[in-house]
Protein chains: 2
Amino acid sequence: MTDTETSSSQLAPTLSAVAKRAGVSSITVSRVVRLPDLVAPETRARVEKAMRELGYVPNLVAGALASAKTNSVGVLVPTIANSIFADTVQGLSDKLEPLGYSVILAQSRYDAAREDRMLAALLSRRPEAIIMVGSPATEDGKRLLRHARIPIVETWELPIDPIDAVAGFDNYEAGVAVARHFIAQGRQHLAFIGGDDPRGTRRWLGFHDHALASGLRPPRRLILERNASGSVAAHANLPGVDAVFAANDAHAIGFMAGLRKAGLLRDGPASAQPVAVIGLGDLEMGRLISPSLSTISVHGDAIGRTAATLTLERGGERRIDLGFELVLRDSG
Amino acid sequence: MTDTETSSSQLAPTLSAVAKRAGVSSITVSRVVRLPDLVAPETRARVEKAMRELGYVPNLVAGALASAKTNSVGVLVPTIANSIFADTVQGLSDKLEPLGYSVILAQSRYDAAREDRMLAALLSRRPEAIIMVGSPATEDGKRLLRHARIPIVETWELPIDPIDAVAGFDNYEAGVAVARHFIAQGRQHLAFIGGDDPRGTRRWLGFHDHALASGLRPPRRLILERNASGSVAAHANLPGVDAVFAANDAHAIGFMAGLRKAGLLRDGPASAQPVAVIGLGDLEMGRLISPSLSTISVHGDAIGRTAATLTLERGGERRIDLGFELVLRDSG
DNA sequence: ATTGCTTATGATAGCGCTGTCATCAGAAAT
DNA sequence: ATTTCTGATGACAGCGCTATCATAAGCAAT
């Protein structure tokens with residue numbers, strides 16, 4: 001018998017199976033797992049041996065029910081692929097996993113109905129907190145969260161009326177900052193390209209309002225699919241534009257590819273660009289391409305880590321502005 | 001009283017609270033949630049009203065314990081940020097979420113010990129399957145999975161001795177394909193840059209073996225940090241090299257940035273490049289930059305969706321090779 | 001009237017743990 | 001010798017559900 005854990009039923013061994021084998025009560029086995037200091041060394045050794053021999057893996061589902069603690073957090077993002085939200089998920093899970101929390105991940109795909117379903121699905125697993133990108137799109141979603149009586153962290157925004165805690169930055173001000181920079185550069189004809197999700201729209205609003213307030217003609221806005229390829233052709237729809245704010249770096253890089261084809265991209269500094277381009281996200285890639293991409297840098301992983309902290313500590317500041325940074329390189 | 005669900009204790013309402021309010025037994029409420037067809041329409045309406053009034057959210061933790069079905073799958077990836085694995089996670093969760101499964105996500109961070117811990121943590125939540133990138137790095141990890149008696153899907157590789165199911169492609173052959181292409185192009189001095197994780201190493205091996213078998217001098221191998229910035233400087237360490245296979249597109253783009261600085265990058269076609277570069281992953285960005293990036297295209301999302309299918313269907317082919325494609329553009 | 005079948009509902013017993021007391025030595029303090 | 005405390009262990013109930021079997025009513029067929 002090479003595998004001591006063979007034979008016996010197909011079923012996973014339980015606490016009491018281990019207990020029986022070690023000649024102790026099951027509560028003692030439970031303590032060996034959770035509070036080993038309360039168990040005498042010899043007993044502990046005996047129990048640990050039995051656990052090894054049986055290949056015991058604790059059943060956290062049962063544990064969670066009994067203790068009313070699931071040690072899990074629900075995380076809801078619009079999408080995880082090709083997205084800066086992955087940084088946030090990484091940040092929060094790096095903080096949470098070592099503490100024994102598991103991350104239950106759900107994607108809304110920018111769909112309000114799916115978001116509500118995912119929220120309900122998450123909540124029925126009784127996570128100890130919910131971290132989401134943005135705010136619930138519907139009143140139903142908000143009510144669900146408000147009644148859950150667990151920490152809720154909204155991220156990537158600074159909602160006026162948050163459900164509970166917030167870790168984000170001011171998308172409106174990001175738009176303002178870009179517009180201000182373009183204007184200081186002497187650009188006259190501004191445009192905004194990107195999605196029309198809530199955060200993109202806030203950026204657009206800030207961009208738009210500041211341009212108007214500075215006496216410019218209203219900027220143009222082009223709503224694009226979420227993949228960058230559409231932005232390659234965007235330039236054709238923006239005649240006369242000399243400065244573009246892209247809602248994310250992927251769109252910015254796509255747009256620059258279009259400019260290159262049109263012969264409107266220089267390898268020189270921003271001042272030499274016929275059309276200035278600024279993105280958002282500060283993808284590593286933006287630093288590497290030529291001309292290098294100017295961008296609004298936001299710290300996606302810091303948002304995740306901060307959100308994690310907010311789920312762990314009740315009390316203290318519940319609204320954290322992580323800010324952003326206008327990083328100027330050669331594109332704009 | 002605007003909120004009917006207020007007052008009453010702080011505790012979340014249970015099945016039997018709903019039952020009492022609706023004047024039925026709790027099992028009937030359970031049926032309304034799971035098997036509504038078994039309940040008479042009027043009874044169902046009464047129960048649904050009570051659920052709404054109380055703001056009832058089913059407790060899947062209890063349900064899972066009672067039914068021995070958690071409706072969850074554990075997913076283990078090395079990392080999720082800036083990574084093509086995000087596509088795989090998206091693919092599998094798009095397939096699984098509509099079926100009522102939740103994704104429990106864990107990251108190993110390319111650390112064998114952390115991987116083992118995460119595997120044990122996942123397993124203790126009794127997922128109905130585990131999907132992971134690659135194979136467990138340790139024997140302990142393998143044993144854990146083998147004893148779990150649930151579907152296990154290893155992805156992004158085609159291990160010789162899989163634990164259960166596999167959805168991936170042949171990394172060795174990808175290396176061979178790139179070497180073959182370089183050689184056909186008349187390149188003489190090959191190099192490989194990238195990480196030394198198992199998949200990267202397989203690619204290197206194929207690349208190396210094929211170069212040798214074709215009579216070339218042994219390719220050089222440069223092991224880099226996981227972020228692309230290191231690859232910018234890589235060229236200095238590879239004098240005389242005229243063709244580079246980067247283990248992923250980010251490294252390839254970083255390397256090209258270095259070449260550009262060194263004046264070794266042309267906007268022309270591959271034949272005009274002093275140093276040919278081929279990446280792996282087929283990032284959208286690679287298409288957009290100039291010169292456009294040649295790459296091994298792998299379908300990360302298809303891997304995820306296939307893995308999901310493999311967890312749902314026992315029986316049938318358990319080893320699926322999704323293949324790869326050498327996509328030739330201007331960089332090599 | 002009896003049997004059999006279907007539909008709608010309920011009673012009961014757990015699922016595998018943990019919280020909350022007990023219990024019982026043995027040591028220390030009175 | 002008695003009390004008190006500490007350390008180690010256990011008994012027991014119960015977390016909120018579901019599986020399983022039972023029950024009752026209604027109705028058709030014998």
Salt bridge (charged side-chain N to carboxylate O under 4.0 Å, His left out) involving [X] - partner list, sequence neighbours excluded:
| X | result |
| --- | --- |
| B:Asp116 | none |
| B:Lys95 | none |
| B:Asp140 | B:Arg143 |
| A:Arg34 | none |

What is the distance, to the nearest angstrom, from the [atom1] atom on [X] to the [atom2] atom on [N]?
| X | N | atom1 | atom2 | result |
| --- | --- | --- | --- | --- |
| B:Leu15 | D:dG14 | CG | C1' | 16 Å |
| B:Arg126 | D:dC17 | CZ | P | 21 Å |
| B:Leu35 | D:dT20 | CG | P | 13 Å |
| B:Arg34 | D:dC17 | CZ | P | 11 Å |

Taking only residues two or more places apart in sequence, or in another chain, which ones meet [X] in a side-chain hydrogen bond (donor to acceptor under 3.5 Å, both in side chains)?
| X | answer |
| --- | --- |
| B:Lys49 | B:Glu53 |
| A:Ser124 | none |
| B:Arg117 | none |

Tell me if the NZ atom of B:Lys20 is crowded by more than 12 foreign heavy atoms within 6.0 Å.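 No - once you tally the heavy atoms of other residues, nucleotides and ligands closer than 6.0 Å, there are 12 at most.
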
Which nucleotide span of DNA chain C, 5' end to 3' end, has atoms closer than 4.0 Å to non-hydrogen atoms of chain B?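 Answer, 5' to 3': C:dA8 to C:dG16.
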
Do the side chains of B:Arg31 and B:Asp37 get close enough for a salt bridge, i.e. N-O under 4.0 angstrom?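 The answer is no: the pair does not qualify as a salt bridge.
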
Residues 299-306 of chain B, side-chain donor-acceptor partners within the protein, below 3.5 Å, at least two apart:
| unit_1 | atom_1 | unit_2 | atom_2 | d |
| --- | --- | --- | --- | --- |
| B:Asp301 | OD2 | B:Arg305 | NH1 | 3.4 |
| B:Thr306 | OG1 | B:Ala302 | O | 2.7 |

For residues 12-19 of chain A, which side-chain N or O atoms pair as donor and acceptor with protein atoms under 3.5 Å away, sequence neighbours left out?
| unit_1 | atom_1 | unit_2 | atom_2 | d |
| --- | --- | --- | --- | --- |
| A:Thr14 | OG1 | A:Ser16 | N | 3.4 |
| A:Thr14 | OG1 | A:Ser16 | OG | 3.2 |
| A:Thr14 | OG1 | A:Ala17 | N | 3.3 |

Does B:Tyr56 have a side-chain nitrogen or oxygen under 4.0 Å from the phosphate oxygens OP1 or OP2 of D:dG16?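 B:Tyr56 to D:dG16 OP1/OP2: no side-chain N or O under 4.0 Å.
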
Can you give me the bend angle of the helix from C:dA1-D:dT30 to C:dT30-D:dA1? Use the axis through the first five pairs and the one through the last five, nearest 10 degrees.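 End axes: 50° apart.
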
Contact list (N/O, under 3.5 angstrom) for nucleotides 5-10 of chain D vs protein:
| unit_1 | atom_1 | unit_2 | atom_2 | d |
| --- | --- | --- | --- | --- |
| D:dT9 | OP1 | A:Thr43 | OG1 | 2.4 |
| D:dT9 | OP2 | A:Ala40 | N | 2.9 |
| D:dG10 | OP1 | A:Ser25 | N | 3.4 |
| D:dG10 | OP2 | A:Ser25 | N | 2.9 |
| D:dG10 | OP2 | A:Ser25 | OG | 3.0 |
| D:dG10 | OP2 | A:Thr28 | OG1 | 2.4 |
| D:dG10 | O5' | A:Ser25 | OG | 3.3 |
| D:dG10 | N7 | A:Arg31 | NH2 | 2.7 |

